[in-house]
2 protein chains.
Amino acid sequence: MNLTVNGQKEELQKRLTRFEKQCRGKGLRVTQQRRKIFCTVAQSCEHPSAEKVFQAVRRELPNVSLDTVYRTLASLEEMDLLMRVGLSSKARFDGDLRPHCHFVCTRCGEVYDIFPQAGEELLSLPSAAKEMGEVKQVHLQLRGICKKCQERK
Amino acid sequence: MNLTVNGQKEELQKRLTRFEKQCRGKGLRVTQQRRKIFCTVAQSCEHPSAEKVFQAVRRELPNVSLDTVYRTLASLEEMDLLMRVGLSSKARFDGDLRPHCHFVCTRCGEVYDIFPQAGEELLSLPSAAKEMGEVKQVHLQLRGICKKCQERK
DNA sequence: TACTTTATTAGGAATTATTATTAATAATAT
DNA sequence: ATATTATTAATAATAATTCCTAATAAAGTA
């Protein structure tokens, strides 16, 4: 894990400040565990898994439990302090390979298709993409709260 | 599950034809199980989970096993006959909320950041997006084979 | 500072999702 | 029709995540 985010200390500081503000705003206690778990993800460029976060946090808090890590990561995601790569829970499949994107409801987990209008361009690939490897698929996912969930609450 | 894809029978037929061609091309046997599993996903607009596919297939092939469904879905994905929404395996987290996208290597699972160049616009949201609900995050994922994996065979 | 309240946590058990194993089955070529 | 060999069913095993409960500790209050 890197100790700085792309070599930018200020960015890390900004994230930590935001974290504390958000917690206090929501009335969440800033516990050692919560702070350390957030720090671990905020400092890393490696998109760590829950297990990796657990291992890293355990070096300083040897008794931290894996459940705490999962619980905290979920609540940090809820507060928009970090994001989850891919989707949680089980895999879902799509037989439609035409260019379109998915609206994923973060509350109920439902996945909706969004097709671009005729003539509407979905996206242009960032130029740095080709340096990473061979791009075979593009997945564009919009996350938010779906209409149904907005209505029922 | 819908029996037609957005009301277009031709699209479904196209997918089935492609499926058979791909299987024969790769020397894979077109078994009842394989065909029914593919059909189930190809006919559906609901991005079914492996479990859902299993339930649907079992109505016609009562003895199909869950393992077969998982195995077949994975091979269909490999053949680019369907795609997986989100990521398989474990969840991974990112503390960087600045606009950027991820290159996900489908071979080794590694996740790399790609930041747009200065002035480069990542994407414009499809106009249909706002009808789905409130978009809170945009996740752009490029999938392919990373440089490292390309080199080591 | 000590006390109280209540969210949070550790530890372990339970659940869910996915993958591996192996003998039996069935699709294709002959 | 038969042989060959990929594929499958059934079940066990593993991996990932979540639940449960008593113990702990953060933040407010006296």
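Rounded to an integer number of Å, the gap from A:Y70 OH to C:dG11 C1' is 16 Å. As rounded to whole Å, 15 Å separates atom C1' of D:dT7 from atom CG of B:N63. D:dA10 atom P lies 11 Å from atom CD of B:Q33, rounded to whole Å. Taking atom CZ of residue B:R35 and atom C1' of nucleotide C:dA26, one finds them 14 Å apart after rounding to whole Å. Atom pair A:R71:CZ and D:dT21:P shows a separation of 15 Å (rounding to whole Å applied). The distance from atom CG of B:L66 to atom P of D:dA10 is 12 Å, rounded to the nearest whole Å. The nearest whole Å value for the distance from the CE atom in B:M79 to the C1' atom in D:dT7 is 13 Å. What separates CZ of B:F54 from P of C:dT19 is a distance of 15 Å, to the nearest Å.
Between the side chain of B:R92 and the backbone N or O of A:E46, at least one donor-acceptor pair lies under 3.5 Å. B:T72 contributes a side-chain N or O that, together with a main-chain N or O of B:T68, makes up a donor-acceptor pair within less than 3.5 Å. Between the side chain of A:Q117 and the backbone N or O of B:S127, no donor-acceptor pair lies under 3.5 Å. Formation of a donor-acceptor pair under 3.5 Å by the A:R143 side chain with backbone atoms of A:T106 is not found in this model.
Between B:H102 and A:H47, the two ring planes are perpendicular [angle over 60°; tilted spans 30° to 60°].
Counting all heavy atoms, side chain and backbone alike, A:A129 lies closest to B:I114 at CA-CD1, 3.6 Å.
At a cut-off of 3.5 angstrom, the base of C:dA20 holds at least one donor-acceptor pair with the side chain of B:D67.
Ion pairing of B:R15 with B:E11 is present here, as a side-chain N (NZ or NE/NH1/NH2) and a carboxylate O approach within less than 4.0 Å. Checked for salt-bridge contact, A:E131 and B:K147 miss the test: no charged N lies under 4.0 Å from a carboxylate O.
Closest-nucleotide positions on DNA chain C for B:A74 and B:Q32 were compared, and the one nearer the 5' end corresponds to B:A74.
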Under 3.5 Å, N/O pairs linking protein and nucleotides 27-30 of chain D:
unit_1	atom_1	unit_2	atom_2	d
D:dA27	OP1	A:V30	N	3.2

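Open room surrounds CD on A:E78; 12 or fewer heavy atoms of other groups in view lie less than 6.0 Å from it.
Counting non-hydrogen atoms under 4.0 angstrom, A:R34 reaches the backbone sugars and phosphates but no base. Using a 4.0 Å heavy-atom criterion, one finds that B:E51 contacts no nucleic acid atom at all.
Recorded end-axis angle for the helix from C:dT1-D:dA30 to C:dT30-D:dA1 stands at 40°, based on five pairs per end and rounded to 10 degrees.
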